[in-house]
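Notes follow once the structure below has been shown.
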Protein chains: 2
Amino acid sequence: MNSPADAYNPADYDRPSVTVDIVIFSLLDAQLKALLIKRKLWPYEGYWAIPGGFVEMTESLEDAAYRELKEETNVDRADVYLEQLRTFGKPDRDPRTRVITVAYVALVGADKLQNPRAGDDAADVGWFSAYKPPRLAFDHHHILKHAVTRLRYKLEYSAVGFQLLPELFTLRELQQAYEIVLDETLDKGNFRSKLRKSKVVEAVKLYRQTGGRPARLYRFKDDAVAEVKARRLFP
Amino acid sequence: MNSPADAYNPADYDRPSVTVDIVIFSLLDAQLKALLIKRKLWPYEGYWAIPGGFVEMTESLEDAAYRELKEETNVDRADVYLEQLRTFGKPDRDPRTRVITVAYVALVGADKLQNPRAGDDAADVGWFSAYKPPRLAFDHHHILKHAVTRLRYKLEYSAVGFQLLPELFTLRELQQAYEIVLDETLDKGNFRSKLRKSKVVEAVKLYRQTGGRPARLYRFKDDAVAEVKARRLFP
DNA sequence: TAAATAGTGTCTCTTAGACAATATTAT
DNA sequence: ATAATATTGTCTAAGAGACACTATTTA
């Protein structure tokens, strides 16, 4: 009867707690990875979990998500794509008390991260394969699956995939990013011709050295965002 | 200083209240309508609002939505399509205290409603055009707009539109339902040929009398739901 | 018969997808 | 030259959309 559970009495509260959880995606080592943190306290002590925290009374849900994002990755709002995923609120998802969590998805370019390989040595925070994550706390496995599905969906229907790349990129790098997230190979010629028609990227006068012919660098056209929203990029 | 606002002290609470709001759509009088209720209390007294209520500590968000839906329309879970829309939580959206609301969209066939024209005479509950609603309380105008957008989107990409029709329907009625929601006219021939290919409906051996040649009645094929999910029906 | 509605077929133009050909660099 | 990568082009089959035609009922 001395379990840590005794410290929590659900009856003390007649209102649920509200948290935000942020599934933070990035492309690292040619893989789609999500940032996870290792829990130090009961419940699910020692389990990996999606980063998140309580919503403060005076901040919006979005602000709370950006705040947590900044705390975990030190990345600013301007350098990240953030969108609400959905809200999870089964009564027993947290053994302490009723916790309703508003889940968000964030896309961060690897170039924005200061320690892109922190997960390899740090014990309590790290990047893990989004497809084969470790055992996760609470219903976080479920949330992560939802997030991956949404990301794939978004990538097919909008130009949001650019958020996973640095500001300048080659078309090959862009195609590889799409292939990693969609988990399928794409035809080089068709990928490029569609991209040309969609007019969401523009070439800059720079090239990247490769093993063969240097590759032209491209930039995402900001003014094309709205236009592309309703159009399928890669059906 | 005797305003009703004095009855509420936000400082008393360190946790937000959580509600569910349900945007209930139906096709009535050849229009897309949403069920609204008239508020009797401050704030927004006398304004129309999207029905909703507090989430109880032991019920899931979905259960809360179904409960409210039943209370407002007396329609059972089995007779309705319900899906989470998104969560709205700006700190000042409710002047009483911090209220975070999880919004849902519900589609109800007109044949499932017991008083499909209640709005015409009842003073505190009624069906209103989803496109030109009256002035709404809180941020409900915003929520309703989101709901309409989602409905259109869903209709294009899935077979969910059938939920707005009775069990048996003619292809013309189905086309009209789509035209009402999408707010555009569709070609009869193309509509029907796509529908034939998609195999989401099946003919029954019944006909409906019309002004001319009787129209064959169709039924939605339940086993086609999952299959259609990822496929665009009317691109 | 005409009017009204149901139901099917045909044609064209666009585009997705498979595949091939050419271009430019390093070694 | 050869290898490696970048970049563009061609062909075909499928599909979207415009439009016309036939079918079956009532008045």
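To find a chain, count down the sequence lines: A is the first, B the second, and so on, and within it residues start at 1.
Rounded to whole Å, atom C1' of dA21(C) lies 14 Å from atom CZ of Arg192(A). Gln175(A) has its CD atom 14 Å from the P atom of dT8(D), to the nearest Å. Distance Leu195(A) CG to dT8(D) P: 11 Å, rounded to the nearest Å. Rounded to a whole Å, the CD atom of Glu184(A) is 12 Å from the C1' atom of dG17(C). Leu171(A) places its CG atom 12 Å from the C1' atom of dT8(D), with the value rounded to the nearest Å. We find that CG of Leu217(A) is positioned 11 Å from P of dA6(D), with the value rounded to whole Å. Summarising the geometry, the separation between OH on Tyr207(A) and C1' on dT7(D) is reported as 11 Å, rounded to the nearest angstrom. Distance, Lys197(B) NZ to dA13(D) C1': 13 Å, rounded to whole Å.
A cation-pi contact links Arg86(B) to Phe88(B), judged by a cut-off of 6.0 Å to the six-membered ring centre and 45° from its axis.
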Close N or O pairs between protein and nucleotides 23-25 of chain D (under 3.5 Å):
residue: dA23(D); atom: N3; partner: Arg213(B); partner atom: NH1; Å: 3.2
residue: dT24(D); atom: O4'; partner: Arg213(B); partner atom: NE; Å: 3.4

Sort me out a list of protein N/O and nucleotides 18-20 of chain C N/O pairs below 3.5 Å, or just none if empty.
residue: dA18(C); atom: N7; partner: Asn190(A); partner atom: ND2; Å: 3.0
residue: dA18(C); atom: N6; partner: Asn190(A); partner atom: OD1; Å: 3.0
residue: dC19(C); atom: N4; partner: Asp187(A); partner atom: OD1; Å: 3.0

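Residues Ala106(A) and Val80(A) share a closest heavy-atom pair of CB-CG2, 4.0 Å. Closest heavy-atom contact between Gly161(B) and Leu155(B): CA-CD1, 3.0 Å. For Arg150(A) against Gln84(A), the heavy-atom pair with the smallest separation is NH1-O, 3.1 Å. Considering every non-hydrogen atom in both Leu171(B) and Phe191(B), the closest pair reads O-CE2, 3.9 Å.
With respect to Asp63(A) and Arg77(A), a salt bridge is recorded, a charged nitrogen being found less than 4.0 Å from a carboxylate O. A salt bridge does not link Glu156(B) with Arg152(B): none of the charged nitrogens is closer than 4.0 Å to a carboxylate oxygen.
With His140(B) contributing its side chain and Ala49(B) its backbone, the two residues share no donor-acceptor pair below 3.5 Å.
Between Arg67(B) and the options Glu62(B), Glu72(B), Glu59(B), a side chain to side chain donor-acceptor pair (under 3.5 Å) holds for only Glu59(B).
Dashed line: the shortest gap from a side-chain N or O of Arg216(A) to OP1 or OP2 of dA6(D) is not under 4.0 Å.
Picking from dA16(C), dA16(D), dG9(D) the nucleotide with the shortest atom distance to the side chain of Lys194(A) gives dA16(C).
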